[in-house]
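Below you'll find the structure, written out as structure tokens, and then a few comments.
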Amino acid sequence: MRHIDSDNPVLLQRRHDKLRRLVPDTRIPTAEDEVADPVQADQAYDACIQFLRDSTRSRERFPLVFQANCEYGFRRNFWGMKPLGVTLAIASAIAIGARLYLDFRLELGPEPTRVVSAGVAVVLGVGWLFWFTPSWVRLTADAYAERLLGALEEL
């Protein structure tokens with residue numbers, strides 16, 4: 001929405017023109033307005049985004065917006081659960097590892113389900129630590145923003 005962040009001024013102008021028609025009570029900032037009063041500019045953009053969210057709630061009419069929002073929400077929630085996920089994965093790996101060690105000491109042999117469970121716990125722990133990152137969430141946040149702005153063409 002911001003002029004300073006835009007890599008396609010033609011598309012930005014088209015979106016701003018459309019928003020001026022759809023949200024006439026909100027003044028869309030110019031590039032100069034953004035520099036002069038960035039807080040006011042952000043408030044105007046927030047009002048426009050809220051209008052777009054409210055206008056694109058229909059799953060049937062805006063399936064791509066709905067899908068992108070779901071994907072973003074899923075990743076955002078995973079990121080929010082990261083501390084718990086890491087803790088549980090580590091605790092599980094330690095508990096299962098201790099049981100495997102005990103089985104080894106008692107010469108019982110490793111039970112296949114415990115070995116698989118330990119592997120799953122380790123993989124989940126690595127995933128929580130290294131895969132579920134802010135940049136992983138940002139990919140879908142940006143995709144949702146693009147779908148939301150792209151819906152202007154249908155409004």
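One-based numbering along the sequence shown. For the numbers below, each heavy atom of this structure counts, side chains included, while hydrogens, waters and symmetry mates do not.
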Heavy atoms of other groups near [X] [atom1], more than 12 under 6.0 Å:
| X | atom1 | value |
| --- | --- | --- |
| D25 | CG | yes |
| I4 | CD1 | no |
| R76 | CZ | yes |

**OP:** Check side-chain hydrogen bond (donor to acceptor under 3.5 Å, both in side chains) between D42 and all other residues, then give those that pass, not counting sequence neighbours.
**Re:** R2
Subject >> side-chain hydrogen bond (donor to acceptor under 3.5 Å, both in side chains) partners for Q40, two or more places apart >> reply: none
Return the minimal non-hydrogen interatomic distance between [X] and [Y], and the atom names on each side.
| X | Y | result |
| --- | --- | --- |
| S6 | P9 | OG-N, 3.7 Å |
| S92 | A121 | CB-CB, 4.0 Å |
| G80 | P83 | O-CD, 3.7 Å |

Is there side-chain contact between [X] and [Y], with at least one heavy-atom pair below 4.5 Å?
| X | Y | answer |
| --- | --- | --- |
| F132 | M81 | no |
| L22 | L152 | yes |
| L148 | N69 | no |
| W128 | L88 | no |
| T26 | L19 | no |
| L155 | R61 | yes |

Quick one: pull up [atom1] in [X] and [atom2] in [Y] and give me the separation to the nearest 0.5 Å.
| X | Y | atom1 | atom2 | value |
| --- | --- | --- | --- | --- |
| W136 | L139 | CH2 | CG | 10.0 Å |
| R99 | S117 | CZ | OG | 12.0 Å |
| T140 | Q67 | OG1 | CD | 11.5 Å |
| R114 | L100 | CZ | CG | 7.0 Å |
| C48 | K18 | SG | NZ | 13.5 Å |
| T30 | D33 | OG1 | CG | 3.0 Å |

With clusters defined by side-chain heavy atoms of hydrophobic residues (ILVMFWY) lying less than 4.5 Å apart, directly or transitively, does [Y] cluster with [X]?
| X | Y | value |
| --- | --- | --- |
| V137 | I49 | yes |
| V120 | I94 | yes |
| F104 | I96 | no |
| L124 | F130 | yes |
| F66 | L149 | no |

Subject >> Stepwise salt bridge (Lys or Arg N to Asp or Glu O under 4.0 Å) test for R21 and D17 >> reply: CA-CA 7 Å; R21 289 190 298 275; D17 290 344; 5.5 Å; no
Original post:
Just checking, R75 and F78: is the charged tip under 6.0 Å from the six-membered ring centre and within 45° of the axis?
Top reply: no
Subject >> Where at least one partner belongs to residues 79-91, residue pairs that pass side-chain hydrogen bond (donor to acceptor under 3.5 Å, both in side chains), sequence neighbours excluded >> reply: none
Subject >> Pairs involving residues 48-57, ordered by first then second residue, that meet side-chain hydrogen bond (donor to acceptor under 3.5 Å, both in side chains) (sequence neighbours left out) >> reply: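 side-chain hydrogen bond (donor to acceptor under 3.5 Å, both in side chains) check on residues 48-57 returns Q50-R53, Q50-D54, D54-R57.
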**OP:** Show the numbers, then the answer: is there a side chain to side chain contact (heavy atoms under 4.5 Å, CB included) between V126 and W131?
**Re:** CA-CA 7 Å; V126 169; W131 188 23; over 6 Å; no
**OP:** Output every pair passing salt bridge (charged side-chain N to carboxylate O under 4.0 Å, His left out) with a member in residues 144-155, not counting sequence neighbours, ordered by first then second residue.
**Re:** R14-E153, R15-E146
Subject >> Residue pairs, two or more places apart or on separate chains, that pass ring pair (Phe, Tyr, Trp, His ring centres under 6.0 Å) and touch residues 7-58 >> reply: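 The answer is H3-H16, H16-Y45.
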